[in-house]
Every structure is written in C-alpha cells, then in structure tokens.
Amino acid sequence: MATLVDRLEIIGRRTVSGVAEVGLAGALLADTLFWLVVGPWRRQPVRLGAAVQQMAEVGVYALPIVTVLGLTIGVMLAIQGIYTLRNFGAESHVVVGIALSMTREFGPLITAVLVAGRSGSALAARLATMRINQEVDALRVMGIDPVRYLVAPPLLGLLVMLPALTVFTDGVGLLGAGLYVDNELGMGLVPYAQRLKDVLKVDDVLHGVGKSVIFALLIALIGVVNGAGVTGGAEGVGRVTTRSVVQAISAIVITDMLFAFAVTR
Amino acid sequence: MAEPVITVDALTTHYGAQCVLRDINLAVAEGEILVIMGGSGSGKSTLLYHLLGLLEPTEGAIRILGMDINRCSNRELEDVRRHTGVAFQGGALFSSLSVGDNIRLPLEEHTGLDRSTIDIMVRMKLEVVELAGREHLMPSQLSGGMVKRAALARAVVMDPRLLFCDEPSAGLDPVVAAGIDDLILKLREALGMSIVVVTHELESAFKIADRIVVLDQGAILASGSPAELRAHPSDKLQRLFNRQPEIPDFDADAYLHRLMGDAVP
Ligand SMILES: Nc1ncnc2c1ncn2[C@@H]1O[C@H](COP(=O)(O)OP(=O)(O)OP(=O)(O)O)[C@@H](O)[C@H]1O
Ligand SMILES: [Mg+2]
C-alpha cells in the first residue's frame, strides 16, 4: 500500500505538471499573438486560408447539431419556466426567465460544451497524431514554426466561430421557447418577440458572447496542450483526446460558475 | 582544408540518471556520406535529434554549417535549417496534404517563387525519386518505399547542403531497400550534398558510406571507412556485428527470384 509520503509525492508531482501545463498554455497564447502580429513582417504569416477552413469546421458544420440542441434547450427552459411560475400564477412572466437564462447561461454553455466535444477533441487528436508521426518535428526542422502553422489557425477559428455560434444558439433557443410558449399560453409569436425586446438588454447577449470568447480560448489551449503532450502510440492519442474533452468541459463549467459569481450575483 | 559541415565536440547527454550519449566526437566533410550505425537503443536517433537541434546536449557543442546550433539565435538556427533537409524514419509526410503539396511546402514557406516555378521544381524532384505523376496521391495511399522516396524528395526540394536520413531503408523488403540506397548515392552525385544516414542495416551502411561511426550504448565504438572497419574489426565490433539477427540457411535473393521471377531488377 502506498504510504502517505508516497501519495503526497504523487499529488506534488501532479501539481507541478499541472502548473507547467498552465504555463505552456500561456506561452502558446503569447506565441500565437506574436506570430499574428510579427509573422507578416517576417514573411511568415499565419495561414488565413487554414483559419477560414477551421472556421467552417468549427462553425458551419456544427450548425445542424447546434440548431437541434438550441431548440431543445429553449423548449426545456419554457417548460420549466411555465411549470415553476404556474405555482404563483405568474406564467405570463416566463419570457424574462427564458430570455435571461438562454442568453446569459445556456446559449454560451451548451455551445461551448458541444464545440469542446466536436472541435477541441479533433484539435487534440490531430496534433497528437502529428507529433507521433514526427510531423511536428518535420515542421520544426523545415524552419516552420509549429505554433504559427498548426496552433494559430484553429485558435483563430475558435475565437471567431464560438461567439458567432453562441449568438446563433441564443436565437434558435429563444425561437424554440417562443414556439412552446405560444402553444402553451396562446401568447402569439409576435407579442413574444415584443416582450423579448422589452426584457432583453444588449448587455445580456454581450455577457454570453464575452464568456464564449473565454471558452474558445480554453477549448483551443487545452486541446493544444494535451495534443502536444502526447506520449505513447495510438493509445496515447486516444488518451489525450479524452483528457482534453474532459478538461475543457470542466474548465468551461467552472469558469462559467466563477463568472456568474463575479458578475451576475 | 575547408571547415567540416558538421562538427560534434565532446557531446554528452543524460536522460535523468541514464547516460544516453557519452563523449561523442565526429566531423562530416563537405560532400561526404557519414553513416551512424548501431544496435537498437544504442542512441542513434538521440544523436540525430541533437544534430537537428531538436534535443539539447547536457555537455558539449555541435556546429552545423559553421553555426553552434545550441548557442546561436533563432534567426541563425532558421538559416541553418534552410540549408538542411531531413527524411524522418516514418517519412513524417503531412497526412492532410498530397505528395505534391508535401514537397511543395518548404518552397512555398521559404521562397517567394511563383506557382509555376515551384511546380517545375517539384516535378524535377519527383523525377529524381521516381515518383513522377504520383503527386496527387495522399500519403496514406503510398507504399512504404514510396513514402521514403517522397520524404527524400521533400527533404531535398530546397537543394540543401546537408541531408539527414533516419533509417531510410528500415522496414522495406531487400529489393526496395537497395533502391533507396542507390537513390541516396544518386542524390549526392546529382546535388553534391553532405549526407548523414542513421541505420542499423549493416549491408546498406557498407554500401553507401564514405565513413561509418558505430555507436554502442551511447558511445562511439569504432569509426572509419568501410574498408578500414572491414580490415580491422576489433573484438567488440565483431561481437556487435554478430549480434545482428541472421536467418540461417535462407537466401533472400534466391527466394525473391523464385517468387517473382524476372520482375526482380
Ligand atoms: N525520451 C526519452 N526519455 C528517456 N530515455 C530515452 C528517451 N528516448 C530514448 N531514451 C533512451 O535512450 C537510449 C537510446 O535511444 P535511441 O532511440 O536513441 O536508440 P536508437 O539507437 O535510435 O534505437 P532504435 O534502433 O531502436 O531506434 C535508449 O536506451 C532509450 O531507452
Ligand atoms: Mg531510433
């Protein structure tokens, strides 16, 4: 059986490697910014074509599933809201709750979790495979900076597309909720929209979008750090891919809570 | 005499407590083919990674093309790398790019040449490695021998002064392996570069080398021209050679001829 000292040592080592990973993430971010600014001057620009492709990958191809989930979440919020408020005979106030929870919480959160599962994992798997096949070494000896070539495009893609997707999710979510509310309370979609316009402030949407920018950073950096840290063969790729999804989703949820604590409370 | 293209001076490296390279000294002259040979785990790949500047030695210095690669600036290292080509063991072709795009990449990243000029240069290199007309294939569609050829073409596309090959003929059948050896000799003749080859194949080492360095447990066991090593094999060297697995009573050439008849070149 492991002694207490052994266990403490293991915890200590994990802490050190955890701190090292956070440091690596910071360095990666700084490096990416460096190449975005300095790259064109050195005739080594970040590949915008690849970034656009990443945007399609992250954003456009995710539209169907985001639509489905957005509508579902909207309907769910409406059901819950009406059920809760019915106890007070205040069903007609349901729109306030729907509008705020969708734009401030559920839109950003659901979209980020989905993108972490779709794109964060793909990023980790791609980098890990490239590392194991010595493709990253090949880039370095060709004098092509791997951060500029491999990290910057998906980071840009995520930073642009996650906020955009979040706004889209907000939209379909509110639509889904509206359809349910109309059906249940006979409110009519136009009055529903009018009510939304009254209760929803630009700040609420921006609050969600702002969070989604941070979520995008988390997804990208966690994906890259895990992919770059791969050891072992094909098995290692699977391990870091899973790890990156679990870490990204945890980081997203915890960050979201911290935000709510700091800003919404 | 001109300065050697590679000088390794008292190189020593530890992984933790294990000493993986011990007091390595060697030099490669302009236009020379040096073969680094040794059994599995003798430190060949580790030495190669040091020469590429991908690993840092614990002690000692490495000069490549007149530059101390562990102490020069990033710009200077980049400059060295533009005159260096590397064919990795597994090829390290970028799996998302076609063969042609793989070979084109260094030209696109490092030269301001227009598309048609680049196309011509790529086609020339494809001819040299006998892959003409195959530029549209993806790396996953290539045979093992073709992967090595494509990797060689990419390594020499910038007409480097120095070429590194890691196990160029490992994992290939004897006929294809011999073809790769011939190709390396042809590249030296056509492009006049210095070449460092890492291999554990005795036969191909003696065929292509001007000079051989034999590694054993991280130290240089013997070095010299193939003729010198044949004439004065020390006891230890003899033992090392005999350690190479041999298949008794098996004539590979005869077997192949029986199998393939006149198709064998
Ligand atoms: N990242 C590492 N960490 C610790 N030890 C390592 C590492 N990489 C290699 N080694 C050790 O260094 C020694 C030399 O390994 P190296 O890969 O250079 O051998 P090699 O000659 O290339 O063998 P092979 O022909 O099997 O590829 C081995 O004992 C190996 O266990
Ligand atoms: Mg090796």
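Nothing here was measured: the structure is a model prediction, and the numbers come from that model. The sequence lines fix the lettering, A, B, ..., with proteins before strands; numbering per chain opens at 1.
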Side chain to side chain donor-acceptor pair (under 3.5 Å) pairs touching residues 159-171 of chain A, sequence neighbours excluded, are Thr111(A)-Thr169(A)

Heavy-atom nearest pair, Tyr49(B) first then Gln134(A), reads OH-NE2, 2.7 Å

The interface call for Arg131(A) against chain B, heavy-atom contacts under 4.5 Å, is neither

Give the table of side-chain donor-acceptor pairs shorter than 3.5 Å for residues 220-228 of chain A, with sequence neighbours excluded, one pair per line with atom names and distance.
{"residue": "Asn226(A)", "atom": "OD1", "partner": "Arg243(A)", "partner atom": "NH1", "Å": "2.4"}
{"residue": "Asn226(A)", "atom": "ND2", "partner": "Ile222(A)", "partner atom": "O", "Å": "2.9"}
{"residue": "Asn226(A)", "atom": "ND2", "partner": "Gln247(A)", "partner atom": "OE1", "Å": "3.0"}

Nearest heavy-atom approach of Glu135(A) to Ala92(B) is CG-O, 3.8 Å

Answer yes or no: are there more than 12 heavy-atom neighbours, outside Asp114(B) itself, under 6.0 Å from its atom CG?
yes

Heavy-atom neighbours of Tyr61(A) OH exceed 12 at 6.0 Å: no

### Task
Please say whether more than 12 non-hydrogen atoms of neighbouring residues, nucleotides or ligands are located less than 6.0 Å from CD in Gln53(A).
no

Check your understanding: Would Leu54(B) and Val141(A) satisfy side chain to side chain contact (heavy atoms under 4.5 Å, CB included), going step by step from the backbone distance to the final call?
Key -> CA-CA 8 Å; Leu54(B) 294 173; Val141(A) 300; 3.8 Å; yes

Counting only heavy atoms not in Arg134(B), do more than 12 fall under 6.0 Å of its CZ? no

- Message: Is it the case that the side chain of His110(B) and the backbone of Ile144(A) share a donor-acceptor pair, with hydrogens and angles ignored and the cut-off at 3.5 Å?
- Response: no

Correct closest heavy-atom pair for Ala138(A) and Phe94(B) would be CB-CZ, 4.3 Å

Given the options Glu109(B), Met158(B), Arg154(B), Met142(A) meets side chain to side chain contact (heavy atoms under 4.5 Å, CB included) only with Arg154(B)

The interface call for Leu93(B) against chain A, heavy-atom contacts under 4.5 Å, is backbone

Checked Asp137(A), Leu139(A), Thr129(A) vs chain B; the most non-hydrogen pairs under 4.5 Å come from Asp137(A)

| message | Salt bridge check, Arg140(A) against Glu78(B): does any charged N sit closer than 4.0 Å to a carboxylate O? | response | no

If one checks every heavy atom of Ser96(B) against chain A at 4.5 Å, the contacting part turns out to be neither

Do Asn133(A) and Phe88(B) have side chains that get closer than 4.5 Å, going by heavy atoms? no

